[in-house]
Amino acid sequence: MTLQKKNLGMLVLLSQLMVLVSCGQFQANIEQPSGGWDETSTISESPVNPDPSFYAEASEATEVRESQEKNPTTVVKNDASKAQESKEEDPKSEEETPAVPKPTPKPAPKPDIAAPSKAEMDGPGVLKPTVYYFVVINEDKKSCAANEKTGLYGAGGKKLMTVCAKTESACALQGSCAIIQDGKTHTFNIIGRFDGQDRFFEIEEDGCRFGYGVNSSCLDPFYTLAADLTIYKPGEVIFVPAVVGLELPDGSKHSGYFVIRDKGRGIKGRGRFDFYSGFFSWLDPKNPFNKLGLGDVTTNIPYFRISGEAAKKVLLSRAYPQIPQNANGGPRK
């Protein structure tokens, strides 16, 4: 009888341990999910990042960053650069300088942007982010040999100025740039790529000071996304809960809302967004987006597509398609 009691006690103890273990595993899965959310708000049964191309994209972004960490002025112009390129090649053979409207400075309205209702939220989806920025290159301080120079070309293939080849590549990579030569600053924005040649136009002093996106909209530092425009529309509002409260360089707190104003060559697919960070490179430790890992396509955090009155209020607050007077991209480097 004593032996039977002992065996029974052992069985009870073993059962309790199995229950505790299974509960612990269930709790761990809640905290660190192994699946991802898709655009229809269902849970994916497959592991995170099942698409092999995702790993290739992450590797490409890493190659670009590692190259620039070794030499910050070097831009890799090969297939790896597509992870950070900000403009899409135009299949047409030629294009004239686009009509660029002069932005009218607007005060920053402060509508009450309450949390959107469930009916105004579509998602969640999963981000595959990278960061792009307004590059400033001072060729007075760091120039190059004559055989390393090339032209920076405008509409019709007209030569705008002679620059270092690395400068031209950096401007094409980021989409907008400032080049300092002989003490004068020239600000450029890319038109597109035609017959294998990147073409630019010079931004006038009263133009969009941080550069232009699609449809001549102004780039709004820390609130602009470049996206795949076969999936998303210019002016669409995206909400990233993880960004809410993020401190920006001017001391303000981020609302978590972004507006799609741009497109990119390597920006393809759902959740593949390029976050615009003004004058802060993705290599700059002071770039606030680095705190959340937004410069790394392997950072998978939720986002929502916003519509209705909530979206209208966000567009109003960011003066879309222009930018608020207080838009701040940080100091030019």
Side-chain angles (χ1 to χ4, degrees), residues 64-65 67-78 81 84-87 89 94-100 102-103 131-213 216 218-219 221 224 249 262 264-265 276-284 286-287 323 327-333:
V64 173
R65 285 167 176 77
S67 173
Q68 293 196 346
E69 284 170 357
K70 293 176 183 177
N71 185 353
T73 63
T74 300
V75 178
V76 181
K77 286 297 290 181
N78 54 23
S81 68
Q84 283 288 336
E85 295 211 67
S86 62
K87 298 294 173 183
E89 182 165 357
E94 193 51 84
E95 179 177 302
E96 296 302 318
T97 303
V100 180
K102 300 295 178 62
V131 171
Y132 72 117
Y133 71 109
F134 189 109
V135 60
V136 179
I137 302 168
N138 190 337
E139 291 200 341
D140 288 345
K141 291 184 177 180
K142 191 168 185 178
S143 188
C144 57
N147 63 352
E148 295 177 333
K149 291 185 180 291
T150 188
L152 193 75
Y153 296 94
K158 179 183 177 181
K159 189 174 182 179
L160 303 177
M161 63 187 303
T162 300
V163 299
C164 295
K166 293 178 181 179
T167 297
E168 191 277 340
S169 295
C171 290
L173 187 67
Q174 302 304 328
S176 52
C177 66
I179 302 171
I180 302 172
Q181 283 188 357
D182 300 324
K184 184 177 180 180
T185 300
H186 304 266
T187 305
F188 296 97
N189 205 93
I190 197 166
I191 301 172
R193 188 173 179 84
F194 308 96
D195 298 329
Q197 183 183 71
D198 292 306
R199 305 270 173 89
F200 301 83
F201 67 90
E202 189 158 6
I203 301 175
E204 298 182 12
E205 291 185 3
D206 54 352
C208 293
R209 62 186 185 276
F210 300 109
Y212 289 86
S216 298
C218 297
L219 297 183
T224 288
D262 210 354
R265 291 176 191 165
Y276 181 63
S277 57
F279 297 120
F280 288 85
S281 162
W282 65 79
L283 297 175
D284 191 333
K286 295 181 180 180
N287 188 329
I323 56 176
N328 191 333
R332 286 196 176 189
K333 304 301 181 180

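- No side-chain donor-acceptor contact under 3.5 Å links Asp182 to the backbone of Lys184.
- For Tyr212 and Phe201, the distance between ring centers is under 6.0 angstrom.
- Within the 4.5 Å cutoff, side-chain heavy atoms of Met161 are placed close to those of Ile179.
- Separating the CD1 atom in Ile137 from the NZ atom in Lys166 is a distance of 11.0 Å, to the nearest 0.5 Å.
- Note that OH of Tyr132 is 3.5 Å distant from CG of Asp262, once rounded to the nearest 0.5 Å.
- A donor-acceptor distance shorter than 3.5 angstrom exists from the side chain of Gln181 to the backbone of Thr162, with no hydrogens or angles considered.
- Remark: of the listed residues Phe279, Phe280, Phe134, Phe279 is the sole one forming a ring pair (Phe, Tyr, Trp, His ring centres under 6.0 Å) with Phe210.
- To the nearest 0.5 Å, the span separating CG on Asn138 from OG1 on Thr185 amounts to 7.5 Å.
- For Gln197 (side chain) and Gly157 (main-chain N/O), no donor-acceptor pair under 3.5 Å exists by modelled atom type.
- How far OG of Ser176 is from CZ of Arg209: 13.0 Å, rounded to the nearest 0.5 Å.
- Rounding to the nearest 0.5 Å gives a distance of 9.0 Å between CG of Leu160 and CZ of Phe200.
- For Asn189 (side chain) and Gly211 (main-chain N/O), no donor-acceptor pair under 3.5 Å exists by modelled atom type.
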